[in-house]
Amino acid sequence: MDFIQNFPFFSIMLSMFSGTVCSVLPRRAARWVNTLMISLIGVLSFVLLSYLVVRGESYVYMMGHFPAPWGNEIRAGILEAGTALFFCVIMLLSMLGGRKKLQEEVVESKHNMYYILVNLLLSSLLALVYTNDLFTAYVFVEINTIAACGLIMIRQNGRTIEAAVRYMIMSLLGSGLLLLGICMLYDLTGHLLMSNIQAAVQGILEDGTYEVPLLVTITLMSVGLAIKSALFPFHAWLPDAYGYSTVSSAAILSSLVSKGYIFLLIKIIYRVIGYNVFGNSHIIDVLFVFGLMGMIFGSLNAIQENDIRRMIAFSSVAQIGYIYMGIGMGTGVGMTASVFHILSHAATKSLLFIAAIGLTDVSGGSRHFIDLTGAAYRNKWAGVAFTVGSLSMVGVPMFSGFISKLLFAQAAVQNHVKMLPALIVLAISTILNAIYFMKTVIRIYTPEEGSEYESVTFKNMKTYAVTLVCFILLNVLLGVSSQPIVDLIEQGLSMFA
Amino acid sequence: MGSNLLINYGEAVAMLLFVIGFTNLLLQKNLIKKIIGLNIMDSAVYLFLAEKGYIEGRTVPIVVNGVQDVEAYINPIPSGLVLTGIVVSVSVTALMLSLTIRLYRRYNTLDLDEISTRLKKEGL
Amino acid sequence: MSYFVLLPILFPILSGIFLLVRKEMKNRQSLLITVGAALVITTVLAITAMLTVRDEIFLVFNLTRTLPVLFKIDGVGVIFGIVGIIVFVCAGSFGFEYMKHEEHEKRYYGFYLIVFGILMALCFAGNLVTFYLFFELLTLSSMPLVLHTGSKEAVMAGLKYLFYSLCGAYMVLFGFYFINRYANTLSFSEGSVLNPELAAGHASLLLGAAFVMIMGFSVKAGMFPMHAWLTAAHPAAPAPASAVLSAVIVKAGVLGIIRVVYYLFGASFLQGTWVQSVWMTLALITVFMGSLLAYREPVLKKRLAYSTVSQISYILFGLAVMDPDALTGGMLHVICHSLVKAVLFLCAGAIIYKTGKTRADELRGIGKEMPVLLWCYTVASLGLVGIPPTGGFVSKWYLAAGALSSGIPGFFWIGPAVLLISALLTAGYLLPITISGFFPGEDFDYGGLKKREPGVLMTLPIALLTALSVLAGLFPNVLTDFIARLAADIL
C-alpha cells in the first residue's frame, strides 16, 4: 500500500484535531492554524487526486483491523479527491474573504468557537465525501448539521437564532428520513458497506422479492437528502439562514454544506442503489419535477426580494433546482452536468456572497437595493467581482455558469421525454436570473451624486481584494478550460459505478 | 398484508411512532413539543433497529462460559448502531434545547411563528 | 501569421480596458489623442488582417472538446467589418467635439473601444460558439453607452435593451443546443452543416430550432414583434453612440441571421418552408409599421430609430427571400443603411449640440444656420428613400428585382409593393425637415438666425460618410460584383 493512500484518513483526522487544538490557542494563532490546516488538507487532496489520476482506479482503505463486511472503510476515487480539493479551496477563500467581517460581527470570545466549528464542518464534509459506510455517513451528516447550525448562530441576533432553529428542524426531518431509510436498507440487505449493499440489492432484484420495501427505502433516502439540501419546496429556512449569518458562514453554507448532501445522494445513487435501479424507479422523475419547480420559483422569489443577501440566497434555491434537474435527467451526461454545476455554483455563489458584503459595507451596512446605488464605485473590487458572479449566474460564455448550462442542455437533448420541459425551464430560469442579477449590477453601477458613504481603497482590504481576485480566476478557469475538469468528473463517475 | 403486520408488530409500532414523531416535529408550533416529536422519531428508529437485531431465544453477544457458537447470540451490530444513534440524538436534542432557551429568553414565547412575525415587525 | 486576426480584436478591447482602469486624465487633449490613436491603429490592424489572413482558420482555444473558439475572416465578415470600421472611426471623431457637453468621457470612450473590438470579433468569428460568445459580450459592453447619461429614462431604456437582447440571445442558445446535436460541426461553411444521417426524421424539430434562432437574432435587428427596445435605447444614448448602435450594432443581428441561415442550416433547408413564410411576413410588417411609426414621431432621434426598425427589415426581407439578387440587395443595404443612418444620427446630434433642439418641428430655418450639415442630411435622406444616384437606390433595386424573380407565391408582388409604400413614407418623414429647414416660409423671422455651422471635427466625418454613400450609388459595380459572387457562393 502506498503512503499516499492514507491521505483521506489524514485529512479527516487533521481537520478534527486542529479543531480541538483551536479551542485552547490564542485567537490569532487559532486563525492561523485554521487557515494552514485547510490549505494543508487542500494540498493533501491535490496530491491524492494526481496519484489517483495516474493510478487510474479507485481504492478502498480499511479503517481499523476488521475487513469487509464488518469493518469500516474509506474509499477514494478521482471524484472524491477532486471534490475534497475543491471544498478546501472554496472554504479557504470564503474564510479569507469574510475574515474582517467576522471580527466585526462576532463577539471576540466566540472566534475560537468559530474556527472549531469550521474545522468540524470540514472534517464532516470530508468524511461524507470519502466514507464507504452508510451509517458513518449518517453520523457525519448529523455532525455536519450541528456544525452548520453553529455557523449560522455564531453571529447572535434574533434572526440568526430563529434561522438556526428553522434550519435545525428541517435538517432533523431530513436526517430522520435518511436514518430510517438506512435502517430499512440494512434490514433488507444485512450490510452497511456501500459495495456489499449494492451486491445484495442486485440479488433482491433478481429474486424479485422485496421490491416495494426497496422502493420505499430509495424514496426515504432521496427525500431526506433533498430536504437537507434545500430542494424546493423545502427551502423555507434557507433565505434567513444565508441572509443573516456572518458572510463566511453564508458562503460556506450555500456552497459547501448543501453540496455535501447532494454529493452523498449521488454516491448513494451510484454506489448503494445502483444507477440503473435508481433510474428505473420513478423517484428520478419526482426529483426532476421538483428541480424544475425550484428553478422557476427560486428565481421568482429572488426577483421580489429587495435585500441583496436574501436575493442571492433565493438564487441558491434555483441553482439547487438545476442540480436536481440534472440528476433527474437519468443519463450519465446529466449527472456529469450536475456534478459540474456543484463546482460551478459553489465557486460562483461564494463569490457573490463575499462580493455583496463588500458592497453593503460601503453603503452604511444597509442591504437594501436603494442604498446600494453606486456602491460599485465606492468599492471597485467588490463591484467587479459581483458583476463577474452575476454574469456567470446568467450564463455568459467564458464563465463557469455557461458551461453548466451547456452541459445541462446537452444532457437534455439526449432524453427525448424530458428534453422540452428541461430546455424551456432552463431558458425561462436563465432569463429570470438575468432579470434580478443584471438589475442589481446596473443598480450598483448607477452613479450617485454626493453620496454620504465613503469609498474604500485597496490598502484597506488587501486580503479581501486578493480573495475576490482568486474567486474570479477560479470562475474563469472553470469557464474557459472546463474540458479537463469534465473529463475528470466523467472518469470519477465511471469509477463510482 | 394484515398477517404480516401482526407477525412484525414491533416494526409496525416503530413505523407508527416514527410517523407520530415526524408529524409532531413538522407541525407543532411549540418548540418543546417539536423537540419531543424529534425524540419520538429517533426512538422509533432505534426501536426498529433493536427489533430487527433481536432473535428469539438467543442471548446478548457477550462471551461467557466459553460458548463461541454464532447460533447462541443475537446480531450485535444493530445494538451498536442504536448506541451510536442515541449519542447523536442526545447531542442534537441538547443543541435544540439550548437554542430554544435562547429564543425564549429573547422573546418570551415558544411559538416559532410568533417569533417570526415579531422579527418582521422589528424589521431586522 | 494567422494570429493576425486577433490583433484588431484584442487591441481595442485592451486599450478600452486600459482607459477604464486608469486614473482620470489631466486634460481632454491627451484622452482624445489616445482614443484617436487607438481607432486608427485598430483600423490599420483590421485591414492588414483582412488582406493577409483571409480564409485562414485561427483556433484560440477549446471551450469544450467539441466547441472550439476560432476566428476566420471570410467575405461576409469583410463587408461587415469594413462598414463597422468606417462608422466607428467617423462617429468616434465626431464625438471628440460632441462629447464635450457630456460627462464621464473616459468611461464612454473606454466602452466605445471595447465595443469596437467585440464587433470586429463578431465579424471574424469562425463558428457559432465564438459568435454567440461575442454576441453576448456585445450586448453587455454596449449597455454602458445606452446608460451613459444616467438619467432615469436612459436607465429604463438600458434595462429594456438588456432584457430584450438577453431574451434574444437565449432564443439563439435554445436553437444552438439542437443544432449542436444534429450537426457535424458548428464552423460556418457555405451551405449546410447538418449531418444528414442524424438529422433524418427530425426536420420539423430543426425547422423549429432554425426559427427560434432567426427570431433570437432578429431581436437585435429590431424585427417586429421584438422591436420595442430599439426605439427606446438608441435615442437615449449620446448621438455618436446612437449612430454606432443604429448603424452597426443592429447589424450584428443581421450578421447572425446570415450565419445561421446561409452558413449553418443552409438556404435549401429552409426554402419553401413555413419558417421562410413567417419570417418574410414579419419582415414586411416591420418595414411598413416602422415607417408609419417614424412618420408619426415628432422627436428627431426617435424618428430615426423607428426608421432603423423599418430599414433593417428591408435587409431581413432580402435575406428571407433566399434569392441571389435579393441577398445581394440585402447585403448592399447593410452597407448603405449603415452609412446613411450614421449620417442622420450624427446630424441630429450636431443639431442638438449646437441648438439643443430635439423635435423635428422646431427645426424651421435650420438650413440657413448650418447649410453644410443640412445638405449632408438631405443627400443621406435621399439615399434612404432610394433615389438615384445614391447607394440606397441600387440596394432597393436589387431587393425588389430579387423578390420579383423569386416567384414565391404572394410575396413576389406584395414584397416590392410594401417596400415601395415604405419608401414613400420614408420620404414623408425625412424630407420635411429639409424643406422647412431651407424654406422656412414667409412668416419666418430671419433676424434670429446666426451662423452656427459645427466645427470641422463634426462636419468632416458627416461629409465623408455622405460622400461614401453617394459613391456607393455612383460606382455600384465594385460592390455588387463582390457581393453577387459571395451570394452565389452561399446560396
Side-chain angles (χ1 to χ4, degrees), chain A residues 69-70 133-136 138-143 145-150 152-153 156-184 186-188 190-192 212-213 216 220 224 227 234 236-237 240 243-244 307 367-368, chain B residues 8 11 14-15 18-19 21-23 25-26 28 31 34-35 37-42 44-53 75-78 80-82 84-85 87-89 91-96 98-107 110 112-113 115-116 118-120 122-124:
Chain A
W70 300 285
D133 181 290
L134 265 185
F135 205 80
T136 313
Y138 165 73
V139 172
F140 279 101
V141 162
E142 291 290 22
I143 296 180
T145 309
I146 293 171
C149 180
I152 296 174
M153 51 176 274
Q156 292 200 349
N157 58 38
R159 276 279 192 182
T160 53
I161 299 178
E162 190 238 357
V165 169
R166 284 193 184 280
Y167 173 70
M168 276 306 275
I169 293 168
M170 263 325 197
S171 280
L172 290 173
L173 289 173
S175 44
L177 292 177
L178 176 68
L179 177 63
L180 190 64
I182 291 174
C183 290
M184 285 180 71
Y186 175 62
D187 177 26
L188 283 173
H191 290 287
L192 284 172
V212 177
V216 172
L220 284 174
I227 291 178
F234 309 115
W237 55 271
D240 278 357
Y244 297 99
D307 174 328
R367 307 118 64 98
H368 239 260
Chain B
N8 298 319
E11 285 85 344
M15 285 302 134
F18 185 86
V19 174
F22 191 84
T23 29
L25 178 55
L26 188 64
Q28 283 289 355
L31 276 170
K34 265 187 192 294
I35 296 171
L38 161 73
N39 277 298
I40 297 177
M41 183 176 85
D42 280 350
V45 179
Y46 307 142
L47 176 64
F48 178 80
L49 270 176
E51 183 67 35
K52 280 284 128 187
N75 183 356
I77 292 184
L81 295 185
V82 170
T84 322
V87 172
V88 171
S89 81
S91 49
V92 171
T93 312
L95 183 63
M96 277 300 283
S98 72
L99 282 171
T100 311
I101 293 169
R102 281 256 165 82
L103 276 182
Y104 187 76
R105 278 195 190 141
R106 235 172 231 268
Y107 297 100
L110 287 170
L112 199 54
D113 293 340
I115 295 172
S116 294
R118 234 188 263 183
L119 275 169
K120 284 214 179 81
E122 276 176 33
L124 251 167

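What you see below is based on every heavy atom in this structure, not just the backbone, and it leaves out hydrogens, waters and symmetry mates. Proteins get letters first, then strands, A, B, ... in listed order; numbering begins at 1 in each.
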Side chains of [X] and [Y] in contact at under 4.5 Å (non-hydrogen atoms):
{"X": "B:V92", "Y": "A:T145", "answer": "no"}
{"X": "A:C183", "Y": "B:K52", "answer": "no"}
{"X": "A:I169", "Y": "B:M96", "answer": "yes"}
{"X": "A:I143", "Y": "B:V88", "answer": "no"}
{"X": "A:L192", "Y": "B:L81", "answer": "yes"}
{"X": "A:L179", "Y": "B:F48", "answer": "no"}

Does any backbone or side-chain atom of [X] lie under 4.5 Å from a heavy atom of chain A? Answer side chain, backbone, both or neither.
{"X": "B:S89", "value": "neither"}
{"X": "B:F22", "value": "both"}
{"X": "B:L31", "value": "side chain"}
{"X": "B:L99", "value": "both"}
{"X": "B:L95", "value": "side chain"}
{"X": "B:L112", "value": "both"}

Roughly how far, to the nearest 0.5 Å, is [atom2] of [Y] from [atom1] of [X]?
{"X": "B:L119", "Y": "A:Y244", "atom1": "CG", "atom2": "OH", "answer": "8.5 Å"}
{"X": "B:R105", "Y": "A:I161", "atom1": "CZ", "atom2": "CD1", "answer": "10.5 Å"}
{"X": "B:I115", "Y": "A:R159", "atom1": "CD1", "atom2": "CZ", "answer": "12.0 Å"}
{"X": "B:D42", "Y": "A:L172", "atom1": "CG", "atom2": "CG", "answer": "7.5 Å"}

Please identify each residue that fulfils side chain to side chain donor-acceptor pair (under 3.5 Å) with A:E142, with sequence neighbours left out.
-> A:Y138, A:S175

Write down the atom of [X], the atom of [Y], and the distance for their closest heavy-atom approach.
{"X": "A:G158", "Y": "B:R106", "answer": "N-NH1, 3.5 Å"}
{"X": "A:Y186", "Y": "B:P78", "answer": "OH-CD, 3.6 Å"}
{"X": "B:M41", "Y": "A:G176", "answer": "CE-CA, 3.5 Å"}

Quick one: of A:I146, A:V139, A:D240, who has the most non-hydrogen atom pairs under 4.5 Å with chain B?
-> A:I146

Hey, is CZ on B:R102 packed in by over 12 heavy atoms from elsewhere, all under 6.0 Å?
->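 Not more than 12 within 6.0 Å, no.
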
Give, as side chain, backbone, both or neither, the part of A:M184 having an atom under 4.5 angstrom from any heavy atom of chain B.
-> both

Got a sec, which residues hit salt bridge (Lys or Arg N to Asp or Glu O under 4.0 Å) with B:K34, two or more places apart in sequence or on another chain?
->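 If we apply the salt bridge (Lys or Arg N to Asp or Glu O under 4.0 Å) test to B:K34, skipping adjacent residues, there are no hits.
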
